[in-house]
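Written below as structure tokens is the structure these notes are about.
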Amino acid sequence: MVPTTYYIVLSAILFGLGVLAFLFKRNIITIFMSIELMLNAVNLAFVAFSQASGKLDGQLFVLFVIIVAAAEAAVGLGIVILIARNRQTLNVERVDLLKL
Amino acid sequence: MTAELLVFFLLAALSVAGAVSLIFQKHPIHSALSLIVVMVALAGLYLLMGAEFVAAVQIIVYGGAIMVLFVFVIMLLNAGLEEHTSESKLAGFPGILLALALMGFVATTLARSAGSFVSSATDGGKIVANLSSTRQLSTMIFKDFVYPFELTSFLILIAILGAIVLAQRES
């Protein structure tokens with residue numbers, strides 16, 4: 001059996017890479033995808049802890065996270081389409097209405 | 001090294017490579033395909049942990065539905081190569097350092113708690129391994145967590161309405 005620690009470390013690495021992608025990417029769709037990557041990393045930690053504790057609560061929580069992620073993707077991509085239509089760009093640097 | 005450990009390292013390397021490729025690809029469609037690689041590798045890891053229902057849902061919902069939605073929007077908006085403006089220098093070198101620090105902090109904290117988790121787990125792990133976890137999971141969803149489960153259908157309904165309202169063209 002693979003130790004739980006390995007899964008946790010992998011989950012942390014994936015989460016960190018998601019944060020990096022969030023910071024460095026300039027395309028709004030790619031930034032949105034890095035959020036999905038972070039959600040996936042958290043799901044991996046949930047399933048690993050569920051396996052370690054021998055209870056299924058973690059797996060159930062992953063299902064709810066996936067449902068919420070699907071809803072989030074639908075609304076978020078609607079917002080992306082709206083931004084692209086109103087500003088003719090997907091670059092987040094150009095979406096600066098609230099910038100001082 | 002057992003076969004299980006070998007499969008784990010294979011899938012872990014695949015997922016990390018996909019995540020790194022997500023960062024370095026310049027075209028959003030390539031980033032989306034890298035993310036699909038990550039998700040399929042994670043589904044394999046779920047299978048390795050004996051969570052076969054979560055693995056199936058991961059492939060169907062994440063790899064199938066959500067990523068298809070992403071690719072669909074990328075093609076709909078005809079998103080081209082990422083243009084790099086030099087306006088934000090702040091997210092450069094310090095950003096890498098801070099992200100690495102976050103990675104290490106999360107890993108050490110969680111790994112320390114994982115150690116106590118493993119020691120506190122008694123024969124519960126065997127119960128999961130013996131019974132079909134999908135059956136137990138469905139019992140939990142439709143018995144103990146039936147109200148949260150029904151609430152998620154309202155959430156999805158509201159999300160659909162929100163997406164339609166956001167994306168419709170004003171006449």
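Naming convention: chains lettered A, B, ... in sequence-line order (proteins, then strands); numbering from 1 in each chain.
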**Item:** Min side-chain heavy-atom separation A:K25-B:S31 under 4.5 Å
**Value:** yes
**Request:** Answer yes if B:V165 and B:I156 sit in the same cluster of Ile, Leu, Val, Met, Phe, Trp and Tyr residues linked by side chain heavy atoms under 4.5 Å apart, and no otherwise.
**Result:** no
**Prompt:** How far does CZ of A:F24 sit from CD1 of B:I96, to the nearest 0.5 angstrom?
**Reply:** 4.0 Å
**Asked** A:Y7 vs B:F8 aromatic rings, parallel, tilted or perpendicular, using cut-offs 30° and 60°?
**Response** perpendicular
**Request:** Counting only heavy atoms closer than 4.5 Å, note whether B:L22 contacts chain A via side chain, backbone, both or neither.
**Result:** both
**Request:** Sort A:A84 into side chain, backbone, both or neither according to what part of it lies under 4.5 angstrom from a heavy atom of chain B.
**Result:** side chain
**Asked** So, for A:I13 and B:M103, which heavy atoms are closest and what is the spacing to 0.1 Å?
**Response** CA-CG, 3.6 Å
**Request:** Following the transitive rule for hydrophobic clusters with a side-chain heavy-atom cut-off under 4.5 Å over Ile, Leu, Val, Met, Phe, Trp and Tyr, establish whether B:V16 and B:Y62 coincide in one cluster.
**Result:** yes
**Asked** Can you say whether B:L77 sits under 4.5 Å from chain A via the side chain, the backbone, both, or neither, judging by heavy atoms?
**Response** side chain
**Request:** Against chain A, label B:I66 side chain, backbone, both or neither, depending on which of its atoms sit under 4.5 Å from a heavy atom there.
**Result:** side chain
**Request:** Report yes if the side chains of B:Y46 and A:N43 come closer than 4.5 Å at any heavy-atom pair, otherwise no.
**Result:** yes
**Prompt:** Counting heavy-atom pairs under 4.5 Å to chain B, which of A:L77, A:V68, A:V80 comes out on top?
**Reply:** A:L77
**Heavy-atom proximity to chain A below 4.5 Å, by part of B:V7** = neither
**Message:** Testing the basics here: between A:L17 and B:I23, what is the closest heavy-atom pair and its distance to 0.1 Å?
**Reply:** O-CD1, 3.5 Å
**Asked** Given that the side chain runs from C-beta out, which part of B:L42 has a heavy atom under 4.5 Å from chain A: side chain, backbone, both or neither?
**Response** side chain
**Under 4.5 Å from any heavy atom of chain A - which part of B:L76** = side chain
**Prompt:** If you group Ile, Leu, Val, Met, Phe, Trp and Tyr by side-chain heavy-atom gaps below 4.5 Å, do B:F9 and B:L11 land in one group?
**Reply:** yes
**Request:** Select one option (side chain, backbone, both, neither) describing which atoms of B:A12 are under 4.5 Å from chain A's heavy atoms.
**Result:** both
**Request:** Any chance you could measure A:T4, atom OG1, to B:M49, atom CE, to the nearest 0.5 Å?
**Result:** 9.0 Å
**Item:** Choice from A:S34, A:G16, A:P3 maximising heavy atom contacts with chain B below 4.5 Å
**Value:** A:G16
**Nearest-0.5 Å distance that lies between atom OG1 in A:T30 and atom NZ in B:K26** = 10.5 Å
**Message:** Between B:L35 and chain A, with a heavy-atom cut-off of 4.5 Å, which part of the residue counts as in contact: side chain, backbone, both or neither?
**Reply:** side chain
**Prompt:** Hey, quick one: are B:I74 and B:V37 part of the same hydrophobic cluster, counting side-chain heavy atoms closer than 4.5 Å, chains of contacts allowed?
**Reply:** no
**Request:** Side chain from CB out, backbone as N, CA, C, O: work out which of these in A:L63 comes under 4.5 Å of a heavy atom of chain B, or both, or neither.
**Result:** side chain
**Heavy-atom pair count under 4.5 Å with chain A, highest-scoring of B:V73, B:V106, B:L100** = B:V73
**Request:** Fit a plane to each ring of A:F64 and B:F149, take the angle between them on a 0 to 90° scale, and name the class: parallel (under 30°), tilted (30 to 60°) or perpendicular (over 60°).
**Result:** perpendicular
**Complete:** Looking only at B:I160, B:L69, B:V61, most heavy-atom pairs under 4.5 Å shared with chain A are made by B:L69
**Request:** Measure across B:M67 and A:M33 and return the closest heavy-atom pair with its distance rounded to 0.1 Å.
**Result:** CE-SD, 4.0 Å
**Prompt:** Of all heavy-atom pairs between A:L56 and B:S133, which one has the smallest distance, and what is that distance?
**Reply:** CD1-O, 3.7 Å
**Asked** A:I81, A:V9, A:L82, A:V47: which one forms the most heavy-atom pairs within less than 4.5 Å of chain B?
**Response** A:V47
**Item:** Residue part contacting chain A, namely of B:A101, when any heavy atom lies under 4.5 Å
**Value:** neither
**Message:** At a 4.5 Å cut-off on heavy atoms, which part of A:V75 comes close to chain B: side chain, backbone, both, or neither?
**Reply:** both
**Complete:** Heaviest contributor of heavy-atom pairs below 4.5 Å to chain B, chosen from A:L10, A:N40, A:V19, A:I29, is A:N40
**Fill in**
Heavy atoms of B:S15 and A:L14 approach each other most closely as O-CD2, 3.8 Å
**Prompt:** So what's closer than 4.5 Å to chain A heavy atoms on B:V38: side chain, backbone, both or neither?
**Reply:** side chain
**Complete:** Scored by heavy-atom pairs under 4.5 Å with chain B, the best of A:L60, A:I67, A:V62 is A:L60
**Request:** Against chain A, label B:F53 side chain, backbone, both or neither, depending on which of its atoms sit under 4.5 Å from a heavy atom there.
**Result:** side chain
**Message:** Starting from B:V20, can I reach A:L20 by hopping between I/L/V/M/F/W/Y residues whose side chains sit under 4.5 Å apart?
**Reply:** yes
**Message:** Between B:F70 and chain A, with a heavy-atom cut-off of 4.5 Å, which part of the residue counts as in contact: side chain, backbone, both or neither?
**Reply:** both
**Prompt:** So how far is it from A:D57 CG to B:M140 CE, rounded to the nearest 0.5 Å?
**Reply:** 4.0 Å
